[in-house]
Number of protein chains: 2
Amino acid sequence: MPPVTTRSEPRQSRPQRVAEAIKQWVMDEGWQPGQRLPSESELIARFGMAKGTIREAIRILEAQGLVASRTGPGGGVFVHRVSEARAIALLGNYFYFADLSLDDIYQLRSLLEPELAAGLAGRLSEAQLARLEAAIAASAPPAVDPDDEAARHAASLAFHAELAAMAGNPLLGFVIRFLAEMLGEVTVARGLHSATDPALWERGLACQTELVAALRAGDAERARAVLREHMATAHRMMRDREARPARRFLRDRVRG
Amino acid sequence: MPPVTTRSEPRQSRPQRVAEAIKQWVMDEGWQPGQRLPSESELIARFGMAKGTIREAIRILEAQGLVASRTGPGGGVFVHRVSEARAIALLGNYFYFADLSLDDIYQLRSLLEPELAAGLAGRLSEAQLARLEAAIAASAPPAVDPDDEAARHAASLAFHAELAAMAGNPLLGFVIRFLAEMLGEVTVARGLHSATDPALWERGLACQTELVAALRAGDAERARAVLREHMATAHRMMRDREARPARRFLRDRVRG
DNA sequence: CCCAATTTGTTCGTATGTATC
DNA sequence: AGATACATACGAACAAATTGG
């Protein structure tokens with residue numbers, strides 16, 4: 001080790017640096033999803049490092065959802081567009097440590113969803129409206145056993161996911177779906193899906209039905225108002241049980 | 001379609017499965033940040049796999065920000081709380097491919113920030129208010145060269161980051177800081193920080209100053225109204241230039 | 001159906017770097 | 001300074017998956 005030659009932080013491991021370099025490379029060249037990166041052996045030659053080092057770098061990129069690899073001829077490492085499911089899972093990791101409350105989640109939902117609905121009023125096709133109605137039907141009574149209860153809760157969240165998917169704003173849609181996912185984790189992780197007040201549940205369903213009507217009619221103001229009330233209802237339904245969500249990582253359902 | 005032999009999807013690579021198993025393990029045991037995972041050699045023994053495989057698994061967890069490793073005696077792999085900077089970078093990867101517009105970003109900011117400000121009115125200490133005022137001062141005129149311009153824009157975003165950090169709601173705070181980060185990327189990636197209308201900039205500063213006054217006075221309504229106008233001003237300042245943000249990955253400034 | 005080529009996936013042995021005592 | 005304990009990196013070999021002949 002020579003004297004103090006202004007070492008510029010070689011503190012990152014080699015795989016991390018290689019991963020960063022490849023990422024920058026992809027960005028500079030403007031490579032698109034589906035395009036193939038150089039093969040392992042080419043990367044070994046290019047970076048002058050051992051196979052294991054290069055492989056670890058690729059794993060880092062893979063964990064971020066930025067590349068995917070396949071074996072065999074025609075295989076290799078490919079640029080991959082980060083899937084929403086993976087982005088949600090990665091972000092969920094962050095909030096695993098954050099100690100969120102139901103109030104935190106519902107505050108955001110109450111801010112965003114009414115606005116989303118207002119923006120969609122009069123802009124949905126019949127097919128889209130039908131999908132929303134199907135989600136409502138799937139979450140409708142009668143309730144039978146606890147499993148059925150859970151399924152209907154999931155369907156109710158699906159309604160909001162559908163709505164979010166129709167958002168013109170990808171950011172808004174993502175945040176709403178993420179919140180719904182977090183909420184779903186909370187409800188299944190604890191027994192919050194059971195013992196719901198039937199009257200409140202009915203009320204929620206009525207809100208959703210009226211919302212679809214307002215969307216079809218193109219009445220933005222009414223859509224906003226209805227969803228605002230729906231959020232309040234749902235929040236009330238959850239409140240005064242556990243105040244803290246269970247600490248869990250979100251499952252990453254993604255293969256790519 | 002081959003016969004249905006209920007293959008249990010061994011399609012994931014071993015490192016991925018090991019990483020998933022360790023993650024689950026950490027969760028089940030409720031391990032906290034700072035606690036040490038078993039050493040490499042112990043993991044090798046426990047999973048019955050080679051060193052390289054285990055190392056790749058650890059890299060996967062490291063890339064997600066869930067663990068960090070140190071060399072030397074007393075070193076090892078440690079549970080790590082995902083840092084906000086890393087979460088922002090990972091989420092930024094997702095939106096790299098999403099083709100966001102400035103309007104998308106500002107729509108969300110306009111929805112969230114006024115509400116945040118309203119919630120903070122009357123609840124900030126003098127020290128916190130002073131930090132906000134410092135950020136305003138740093139972004140104030142006079143403008144000299146382009147570099148100075150960029151620095152003042154950064155300070156302006158810092159004002160919003162400070163505000164978000166004071167939010168009682170971690171979710172709200174995160175989203176706002178993420179949006180500010182994305183906006184910062186956009187403004188530096190293209191020339192949007194230069195050629196700003198001085199009158200509009202002045203107007204933005206006046207809004208921020210008035211906001212701090214409202215916060216100090218505990219006037220939630222005024223805070224909301226002021227920030228709403230500030231958002232509109234900022235949006236106007238950006239609009240009618242490039243409609244699409246540059247496609248860039250967010251830099252991950254994090255070491256841990 | 002098998003065989004061969006190609007590319008990632010996995011293993012093992014060894015050596016090096018780094019931080020603590 | 002030296003010993004120790006740990007991650008880090010290298011290299012060569014072998015295994016598995018996929019494609020095409």
Side-chain angles (χ1 to χ4, degrees), chain A residues 1-5 7-22 26 34-80 255-256, chain B residues 1-3 5 7-22 34-80 255-256:
Chain A
M1 173 68 63
V4 193
T5 52
R7 286 177 62 85
S8 56
E9 291 219 51
R11 282 292 171 264
Q12 279 187 76
S13 64
R14 291 197 199 188
Q16 277 170 2
R17 275 182 289 145
V18 171
E20 212 38 64
I22 292 177
V26 167
Q35 289 198 262
R36 213 195 93 161
L37 267 57
S39 71
E40 260 184 17
S41 48
E42 287 175 288
L43 291 173
I44 290 167
R46 167 172 261 269
F47 287 96
M49 289 171 190
K51 178 169 174 152
T53 309
I54 299 297
R55 285 185 59 76
E56 286 179 33
I58 289 172
R59 279 286 150 47
I60 289 172
L61 296 173
E62 206 172 44
Q64 302 179 6
L66 291 170
V67 305
S69 45
R70 292 197 302 270
T71 62
V77 181
F78 298 83
V79 178
H80 194 270
R255 204 117 324 268
Chain B
M1 178 68 65
T5 53
R7 281 180 61 87
S8 54
E9 292 219 49
R11 285 289 172 266
Q12 281 186 75
S13 66
R14 291 196 200 189
Q16 277 169 4
R17 275 181 288 145
V18 172
E20 212 39 63
I22 293 177
Q35 289 197 263
R36 212 195 93 163
L37 266 59
S39 70
E40 248 185 33
S41 49
E42 287 175 286
L43 290 174
I44 290 167
R46 167 172 260 269
F47 287 97
M49 289 172 189
K51 198 167 28 196
T53 308
I54 299 297
R55 285 181 60 75
E56 287 180 28
I58 289 173
R59 288 294 187 209
I60 290 172
L61 295 173
E62 207 172 44
Q64 301 179 356
L66 292 170
V67 306
S69 48
R70 292 197 301 271
T71 61
V77 181
F78 298 84
V79 178
H80 195 269
R255 202 116 329 264

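Chain letters run A, B, ... following the sequence lines, proteins first, then strands; residues in each count from 1. FYI, side chains are in, hydrogens and waters are out, and symmetry mates aren't considered; it's all heavy atoms of this structure.
Atom CZ in R55(B) sits about 11 Å away from atom C1' in dC10(D), given to the nearest Å. Spacing between atom CD1 of I54(A) and atom P of dT8(C) amounts to 12 Å, rounded to whole angstrom units. A straight line from CZ of R17(B) to C1' of dA16(D) spans 13 Å, rounded to a whole angstrom. Atom-to-atom, NZ of K51(B) to C1' of dA9(D) comes out at 9 Å; the value is rounded to the nearest Å. For the pair E56(A) CD and dT8(C) P, the interatomic distance rounds to 16 Å; values are reported in whole Å. As rounded to whole Å, 13 Å separates atom P of dT8(D) from atom CD of Q12(A).
The shortest distance between the side-chain N/O atoms of R70(A) and the OP1/OP2 oxygens of dT19(D) is not below 4.0 Å. For dC10(D), one of the phosphate oxygens OP1 or OP2 lies less than 4.0 angstrom from a side-chain nitrogen or oxygen of R14(A). OP1 or OP2 of dA9(D) sits under 4.0 Å from a side-chain N or O of R59(B). Between S69(B) and dT8(D) there is a side-chain polar atom (N or O) within less than 4.0 angstrom of OP1 or OP2.
Of the charged side-chain nitrogens involved, none lies within less than 4.0 Å of a carboxylate oxygen, so that K51(B) and E40(B) do not count as a salt-bridged pair. Under 4.0 Å is where a charged nitrogen must lie from a carboxylate oxygen, and between E62(B) and R59(A) no such pair does.
In this structure a side-chain-to-backbone donor-acceptor pair under 3.5 Å is missing from R36(A) to G74(A).
Using a 4.0 Å heavy-atom distance criterion, G76(A) is classed as a sugar-phosphate-only contact.
Between the side chains of S39(A) and E42(A), a donor-acceptor pair is found at a separation under 3.5 Å.
Of the candidates dA7(D), dC12(C), dA9(D), dC12(C) carries the atom nearest the A50(B) side chain, counting heavy atoms from C-beta on. Among the nucleotides dA5(C), dA7(D), dG11(D), the one closest to any side-chain atom of T71(B) is dA7(D).
Mapping T53(A) and P73(A) onto DNA chain D by nearest heavy atom places T53(A) closer to the 5' end of the strand.
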Step by step, would you call H80(B) with L66(B) a side-chain contact (heavy atoms from CB on, under 4.5 Å)? CA-CA 5 Å; H80(B) 195 269; L66(B) 292 170; over 6 Å; no
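Looking at every heavy atom in both residues, E56(A) comes nearest to P15(A) through OE1-CG, 3.5 Å.
No side-chain heavy atom of R17(A) sits under 4.5 Å from any side-chain heavy atom of E20(A).
Near DNA chain D, meaning a heavy atom under 4.0 Å away, there are no residues from residues 34-48 of chain A.
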